[in-house]
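Contents: one structure, followed by commentary.
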Amino acid sequence: MVSKGDSPAPPGVPDSGQGLVLTRGDITREAVDAIVNAANSSLLGGDGVDGAIHLAAGSGLVQECAGLGGCPAGEARMTKGYRLPARHVIHTVGPVWQGGSAGEDETLASCYRESLRLAEEAGLSSIAFPSISTGIYGFPIERACRIAIREIRAFLATARCVKTVKAVAFSDRDYETYRKAAAEGPL
Ligand code: APR
């Protein structure tokens, strides 16, 4: 099931896919203008969604990444998508959870803002995010998804090019966490 954050499509009306779209699945299969990778600061690949994206994209991705000189936490870099259905990959480095008083919330918010800024500047129309930092980096998803939804909604309120921002949950539990948070209204 796919639903928008603020105004779920009326029953029976195909979702136009505009705005914040919550979905569940494998982000490497998303045929959008850009998928976001939850990378590490080397940008040279890893496990989790980073590993899945590099595996699906093929070796051209890591070769392009190697020329970028890494990426600090909270920032983002864009590459081509290679063998992925997505045209581009936007690599961002989330915070490692340290208990919540080391600026993790702001770094995570910056990951979403910077990724969306790159997409907008490139004139992209659609982008898909995984749940950044909520896997290996240990950021509690209940807290992380509220930051994600808040930043995506704020961006969409003034965006000119990007029309669709998908939040792709990798499990039913994560999808339900996002759905409940989105239904709470302004976060
Ligand atoms: N599609 C969508 N989401 C996925 C996929 C996938 N194919 N694979 C994993 N996920 C989800 C996880 O379930 C989690 O919710 O992506 C979210 C982020 O988890 P991680 O991939 O572990 O990323 P993160 O917590 O940000 O840790 C980043 O892990 O892989 C390394 O190199 C990476 O060092 C970096 C660290």
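If you're wondering where the values come from, they're calculated on a predicted model, not measured in any experiment. Counting starts at 1 for both ligands and their atoms, in listed order. For this chain, numbers begin at 1 and follow the sequence in order.
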Test of understanding: with side chain to side chain donor-acceptor pair (under 3.5 Å), list the residues that count as partners of S133, not counting sequence neighbours. none
Compute the shortest N/O to N/O distance between G135 and ligand 1 and return yes if it is under 3.5 Å, no if not. yes
Would V49 count as being in polar contact with ligand 1, using the rule that some N or O on each side must be under 3.5 angstrom apart? yes
In Å and rounded to the nearest 0.5 Å, what is the CG to CE distance from L124 to M78? 5.0 Å
For [atom], what is the closest protein heavy atom, and at what distance to 0.1 Å?
atom	answer
atom 11 (C) of ligand 1	F170 CB, 3.9 Å
atom 26 (O) of ligand 1	S133 N, 2.9 Å
atom 22 (O) of ligand 1	I136 N, 2.8 Å
atom 1 (N) of ligand 1	I27 N, 2.9 Å

List every atom of ligand 1 that sits less than 4.0 Å from any heavy atom of D47, numbering the atoms from 1 in the order shown and giving each element. 30 (O), 31 (C)
Looking at A38, which atoms of ligand 1 are within less than 4.0 Å of one of its heavy atoms? 23 (O), 26 (O), 28 (C), 33 (C)
For a quick check under 3.5 Å, do T79 and H91 share a side-chain donor-acceptor pair by atom type? yes
Salt bridge (Lys or Arg N to Asp or Glu O under 4.0 Å) contacts in which one or both residues fall within residues 48-70, not counting sequence neighbours: E64-K80
